[in-house]
Amino acid sequence: MTSIDTGGNPPQNNPQPQALSTEPRWKRQPFANHWRSHAEDFDACKIGMWLFLTTEVLLFAGIFVAYAVFRMWYPEAFANGSHHLDVHWGALNTVILLISSFTVAASIRNAQLNQQGLLKINLSITLFCALLFMIIKFTFEYAPKWAEGKRPGVWFSYPFAADPNEHIWWSLYYSATGIHALHVLIGAAVLFVILLKSFKGWYGPKHYTGIEVAGLYWHLVDVIWIFLFPLLYLIH
Amino acid sequence: MADQQHQGPAGSPTSDKEKLGFDPTDPHGFHEGEEHGHHILSMRMLVTILALLLLLTGLTVGSAQAEIVIAEELGITIPQWVNVAVAMTIATIKAILVVAFFMQLYYDTKLNTMILLFCLLTFGLFIGFTSIDMGNRDRIYSWKDGQHTPGGTGGLGLERAAFDRDGNPRFTAVLGPDGEDTGRVRRAREEVSDAITDFSSDPEVARSRLSPEVFERLQRYHERKKAYRPAPTPNRVTDLSSPRLFAPPDDEEGDANN
Amino acid sequence: MSTIDTHNAGQHAHHEGSYLTPHGGALATIWNWATTIDHKKIGVMYLFAIMFMFFLGGVAALGVRAELWEPTRVVTQVVEGETVTSYTGQVLVNLAPIVPGVESEGGISAGMNIYNRAFSLHGIIMTFMVIVPSVPASLGNFFLPLMLGAKDVAFPRLNLMSWYIYVFGSIFAVAAVVMGGVDTGWTFYTPYSTMTDADHLRVVFVILAAFILGFSSILTGLNFIVTVHKLRAPGMGWFDMPLFVWAMYATAIIQVLATPVIGITLLLLIFERVFHVGIFDPRMGGDPVLYQHFFWFYSHPVVYVMIIPAFGIINEIIPVHARKKLFGYRAMAFATLGIAAVSFLVWGHHMFTASGELAAMIFSALTFLVAIPTAIKVFNWVATLYKGSIAFNTPMLYALSFLFMFTIGGLTGLPLATLATDLHLHDSYFVVAHFHYVMMGGTIIAFVGGIHHWWPKMFGKLYNERWAIIGCVLVFIGFNLTFFTQFILGTRGMPRRYASYPDEFQFLHQLSTIGSWILGIGFLIHLGVFVHSLVAGRKAPENPWGGLSLEWETESPPIEHNFHHEPIVKHGPYDFDTVQPPHTDPAEFPMPEPLRPGERTH
């Protein structure tokens with residue numbers, strides 16, 4: 001390859017895969033040829049991810065606005081509905097997500113320090129936490145409530161409701177937690193790919209864009225839950 | 001001109017830097033001074049943050065429980081905003097911890113903080129303006145309480161058409177659809193306004209002047225108006241006939257306002 | 001040129017052809033385009049996809065206008081002792097055999113049903129599939145990196161993904177049309193969108209299509225923001241960027257901040273329609289006005305996603321074709337950002353008759369703010385034209401039509417922003433005419449002007465100037481005939497979205513319909529001009545108009561990596577008074593003569 005094909009990239013900064021095949025995988029990752037350096041590529045990916053997180057926050061903004069409006073209108077329905085949620089499961093899920101956030105942050109540190117073994121362990125714990133979160137959500141929260149008739153909208157058939165608008169509360173509860181659970185699943189899927197790649201040695205010092213970006217996404221899922229938890233479980 | 005605008009073949013960064021006056025790998029000086037992107041958090045820091053987060057989770061659950069206990073055992077009514085304020089303050093602190101340290105925004109470029117702040121600003125606009133409308137609608141409409149009566153505009157239209165807010169008759173000069181003064185329209189409306197005036201002062205006079213159908217309609221309208229009391233809070237459940245829908249336990253409350 | 005540069009240029013000419021150079025056989029070329037991550041190819045693919053959707057939406061519009069040629073009336077006659085019922089003015093009812101879902105409805109309702117579907121189809125396609133992506137996704141994708149001196153956008157693979165998402169979403173919408181279309185209007189207001197065609201999936205399909213298209217829009221916006229921040233050529237500060245780039249940047253900010261809200265809105269709408277969760281249903285304690293807030297929180301800012309790129313194009317066309325430095329560069333840049341900021345404060349003006357009075361008053365006051373940055377722009381364009389050497393070629397004619405029609409569109413916004421007059425004009429043809437003057441007279445006109453401005457650069461071919469000008473004039477006449485009449489109809493009380501009307505409106509309606517035919521012929525001529533140019537156009541020089549921004553420095557069409565070397569920016573994009581444009585002959589594009597003492601250019 002001539003220097004021309006890399007254009008403005010100083011070629012010595014952009015490793016050529018075939019030339020350095022004995023190096024670990026992360027050292028052999030070239031950056032896309034429209035960037036000037038690895039650092040630029042990494043920075044841009046982070047800015048891009050923050051912009052994407054912006055869109056995620058504003059997606060949930062719709063749910064929060066609907067929550068605010070209907071809570072303003074039907075405080076009784078919301079207080080009653082909230083009492084039907086079990087704060088213990090909610091708190092446990094909060095703790096699980098916080099721990100998973102910690103392990104993701106730790107796994108980035110591991111990549112930065114080239115601790116390949118710990119990196120895989122931390123990522124695996126994160127995935128396990130995601131699994132636990134989903135299991136608790138479905139078996140201990142959704143399933144019993146649905147069976148009792150605490151359902152959204154027209155499906156609502158709980159006989160002991162004390163307020164005529166409680167189905168609105170359940171609509172918002174299922175919409176908010178459902179969309180959040182979907183994000184947990186997406187985040188877990190991304191982290192699973194990251195874990196598989198980490199077994200092939202894709203991440204190392206200064207070459208951990210994927211893990212950093214996926215981690216940002218996972219933390220955001222956590223932050224959303226940090227707000228959903230008190231709003232759904234802790235109001236009277 | 002051309003050779004001023006073209007960079008020579010890529011050489012070593014230092015020689016380029018001298019020749020061009022800037023670093024070709026970083027022409028805008030984004031990385032001058034420090035490397036933003038690669039801050040390594042210490043393990044102690046990470047554990048401290050996690051511990052703080054767990055502590056705050058306990059605190060928010062505890063305070064919510066404490067409020068229930070205080071309210072039930074001691075009989076003190078805590079205003080609702082206290083509960084919301086405490087829960088949201090703790091949640092915000094937790095979120096800041098996660099964003100600043102786990103997501104490393106504290107060590108990151110300012111641009112990413114700006115992005116987040118713009119996002120929150122947009123969120124604030126969204127929730128703020130929507131609440132202004134959705135939250136104030138009933139209060140605004142209650143200014144018109146005196147003018148609104150239930151049951152559509154049937155009775156209301158008659159009265160509103162005839163009188164202004166102070167009770168003075170409106171139609172001294174009525175214009176027709178094409179702008180000309182049509183005596184027919186004016187006379188019809190004056191008749192209605194007179195009838196309503198008569199009815200409220202002396203129903204018997206009105207009975208003698210009006211046809212039985214019109215008199216009956218006026219009577220019904222006045223009865224409905226007497227029975228109406230404006231609802232202090234909006235009651236938005238109207239159709240409970242669907243079998244799947246939940247029916248409220250005390251039907252009287254619900255029906256009175258419908 | 002130095003020896004080294006010549007040597008390298010020679011090597012490039014050998015190694016690197018234009019981005020349009022075919023790779024192997026036909027199949028290999030198609031595969032190459034389908035998997036390309038080159039922003040230029042993606043921009044071209046977007047351009048053709050958008051043109052196709054524009055054609056579909058345009059056909060629907062012609063159908064709507066045809067139906068309005070005569071008011072729909074029931075005519076009862078007694079013929080030989082039997083009462084015979086017939087209808088006048090039913091044009092679209094002829095489509096009944098091929099439109100699923102209306103066969104069973106006889107007579108007048110079938111025709112009106114198809115009319116409702118036609119205008120919904122027109123609105124949905126033109127908004128979500130044409131105007132929103134039009135400029136940013138096609139011209140923006142192609143020229144943003146070129147103007148910045150970059151090799152590509154920041155995330156080329158996301159860029160390709162956004163094109164596929166666009167195509168996927170459009171397929172959903174077209175599938176819904178094939179299944180019989182929807183009659184919700186483009187706004188999907190509840191309860192139309194939750195209750196009509198209850199047994200059919202097509203409304204869900206269209207909502208899903210809009211949802212999917214939102215992702216495409218977000219990815220484009222995200223890409224552009226990062227590109228502008230990270231990939232500017234050396235020497236290009238923020239205030240050395242062409243204003244088209246500024247416009248793309250402001251657009252991208254709106255796209256990123258507003259589009260997710262339509263995502264959640266449409267998601268909740270699907271929940272509402274399919275699962276009846278009740279949050280938009282007043283029978284269950286929900287509120288349809290909440291839906292309107294959600295919808296317009298996205299859709300109002302998106303109005304500026306549609307128009308700001310048009311400003312960007314006009315900012316490029318006017319200085320280049322008037323050969324004069326742009327008046328008030330910084331004011332233009334800040335006005336662009338200002339419009340983007342204000343766009344988030346005014347969505348309530350779509351709901352003056354639905355929302356509470358307090359909110360309506362606040363929104364009305366804020367809406368007038370939009371006039372300030374917009375007026376700054378219009379005045380600056382006019383000041384730029386003053387004493388410029390204006391070339392009356394197709395792009396410039398389009399820019400001038402833009403100035404004329406956008407100004408009308410903007411000024412007619414003021415009575416709509418005023419609460420008292422809006423009560424009369426709300427949901428009338430006045431509104432229809434107003435937003436067509438802005439969206440079509442503004443965005444589409446600038447878009448077509450921009451295509452003509454950059455066509456030689458994109459495809460390396462010149463087009464037939466004479467026919468392009470004929471097309472441009474026809475579009476101008478047809479557009480004004482179609483929509484100016486609608487201002488008059490609106491003030492007289494013609495409500496939008498009705499298939500029938502009182503007889504006294506017929507003359508104006510017929511004028512409007514004739515205008516739509518002229519408009520259609522104008523666009524067909526442009527299509528012919530483009531096809532002719534691609535097939536038999538003369539080769540275009542690198543810089544046919546004497547432009548100064550970076551895209552004119554590379555070849556026509558650009559080489560695969562855009563530039564032989566990363567360009568270094570030494571002058572502003574509009575310094576026509578001090579810099580000879582690249583690849584131009586000073587005899588053809590002379591520098592302006594020095595000013596006489598006391599003379600001013602503006």
Side-chain angles (χ1 to χ4, degrees), chain A residues 1-9 32-36 39-41 43-67 69-70 73-74 77 151-156 163-176 178-179 182, chain C residues 8 11-12 15-16 37 39 145 150-158 214-215 218-219 221-223 225-227 229-231 233-234 252-253 255-265 267-268 271-272 275-281 284-287 290 293-294 297 561-566:
Chain A
M1 279 187 163
T2 60
S3 65
I4 294 138
D5 284 317
T6 58
N9 292 334
N33 86 341
H34 57 290
W35 294 108
R36 300 182 185 96
E40 294 262 293
D41 194 352
D43 259 15
C45 285
K46 259 181 112 165
I47 297 172
M49 195 61 201
W50 273 102
L51 286 166
F52 184 72
L53 296 189
T54 297
T55 69
E56 289 287 353
V57 170
L58 287 163
L59 182 87
F60 278 96
I63 294 277
F64 285 119
V65 171
Y67 175 94
V69 166
F70 286 116
W73 283 359
Y74 312 128
R151 301 172 190 174
V154 290
W155 312 91
F156 186 75
D163 192 279
N165 287 308
E166 260 185 60
H167 56 271
I168 291 278
W169 155 265
W170 291 109
S171 298
L172 282 173
Y173 168 77
Y174 282 105
S175 308
I179 294 174
L182 185 68
Chain C
N8 276 334
Q11 260 192 341
H12 273 291
H15 277 294
E16 205 174 330
I37 53 171
H39 68 102
K151 278 186 219 154
D152 210 321
V153 290
F155 308 116
R157 275 179 295 180
L158 282 189
F215 278 101
I218 286 176
L219 291 181
L222 188 152
N223 231 330
I225 294 180
V226 181
T227 309
H229 272 281
K230 302 297 287 185
L231 283 171
I253 291 174
Q255 280 178 317
V256 167
L257 290 179
T259 315
V261 176
I262 195 70
I264 189 71
T265 310
L267 220 50
L268 289 176
F271 289 170
E272 178 74 50
F275 306 117
H276 304 287
V277 292
I279 46 181
F280 298 136
D281 186 350
M284 292 165 67
D287 196 315
L290 185 67
H293 274 292
F294 273 48
F297 184 82
H561 286 99
N562 292 353
F563 300 96
H564 291 302
H565 301 287
E566 186 168 30

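Below, chain A is the first sequence line, B the second, and so on; all start at residue 1. Computed from a predicted model, the values in this text were never measured in an experiment.
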#### Entry: Considering all heavy atoms, the nearest S171(A)-V277(C) contact
OG-O, 2.6 Å
### Task
Identify the two heavy atoms, one from K151(C) and one from N33(A), that lie closest to each other, and give their separation to 0.1 Å.
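Scanning both residues, the minimum pair turns out to be NZ-O, 2.9 Å.
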### Query
In Å, rounded to the nearest 0.5 Å, how long is the span from CG of D287(C) to CH2 of W73(A)?
3.5 Å
### Message
Nearest 0.5 angstrom please: I63(A) CD1 to I279(C) CD1, how far?
### Response
7.0 Å
### Summary
To the nearest 0.5 Å, atom OG1 of T227(C) lies from atom CD1 of I47(A) at 10.5 Å
### Query
Would you say the side chain of F297(C) lies within less than 4.5 Å of the side chain of V65(A), judging by non-hydrogen atoms?
no
### Note, F155(C) side chain near C45(A) side chain (heavy atom, < 4.5 Å)
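Side chain of F155(C) against side chain of C45(A), heavy atoms only: contact under 4.5 Å found.
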### side chain to side chain contact (heavy atoms under 4.5 Å, CB included) assessment of L58(A) paired with T259(C)
CA-CA 9 Å; L58(A) 287 163; T259(C) 315; over 6 Å; no
### Message
Does any backbone or side-chain atom of L222(C) lie under 4.5 Å from a heavy atom of chain A? Answer side chain, backbone, both or neither.
### Response
both
### Task
Sort out for me which of L219(C), V153(C), N562(C) touches chain A most, counting heavy-atom pairs under 4.5 Å.
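With the most close heavy-atom pairs to chain A, the winner is V153(C).
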### Message
Given heavy-atom pairs under 4.5 angstrom as the criterion, report whether the side chain, backbone, both or neither of A66(A) touches chain C.
### Response
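Contact with chain C involves both backbone and side-chain atoms of A66(A).
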### Task
Against chain A, label L158(C) side chain, backbone, both or neither, depending on which of its atoms sit under 4.5 Å from a heavy atom there.
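The answer is neither part of L158(C).
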### Under 4.5 Å from a heavy atom of chain C, the part of I179(A) involved
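The side chain, not the backbone.
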### Query
Measuring from F64(A):CZ to I264(C):CD1, what's the distance to the nearest 0.5 Å?
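It comes to 10.0 Å.
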### Task
Sequence neighbours left out, what passes salt bridge (charged side-chain N to carboxylate O under 4.0 Å, His left out) with D281(C)? Give chain and number order.
R283(C)
### Query
How far apart are the closest heavy atoms of E40(A) and K230(C), and which atoms are they?
OE1-O, 3.5 Å
### Query
Of the backbone (N, CA, C, O) and the side chain (C-beta and beyond), which part of F271(C) lies under 4.5 Å from a heavy atom of chain A, both, or neither?
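Side chain only.
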### Task
Identify the two heavy atoms, one from F275(C) and one from W155(A), that lie closest to each other, and give their separation to 0.1 Å.
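Shortest heavy-atom contact: O-NE1, 2.8 Å.
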### Per-residue contact mode, F60(A) against chain C (heavy atom under 4.5 angstrom)
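Neither the backbone nor the side chain of F60(A) comes within 4.5 Å of chain C.
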### Message
Please classify the contact between A154(C) and chain A as side chain, backbone, both or neither, with a heavy-atom cut-off of under 4.5 Å.
### Response
both
### Task
Report yes if the side chains of V69(A) and H293(C) come closer than 4.5 Å at any heavy-atom pair, otherwise no.
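In short, these two side chains do not touch, never coming nearer than 4.5 Å.
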### Message
To check you understand the geometry: which heavy-atom pair defines the closest contact between V154(A) and M284(C), and what is its length?
### Response
N-CE, 3.4 Å
### Message
Between L268(C) and chain A, with a heavy-atom cut-off of 4.5 Å, which part of the residue counts as in contact: side chain, backbone, both or neither?
### Response
side chain
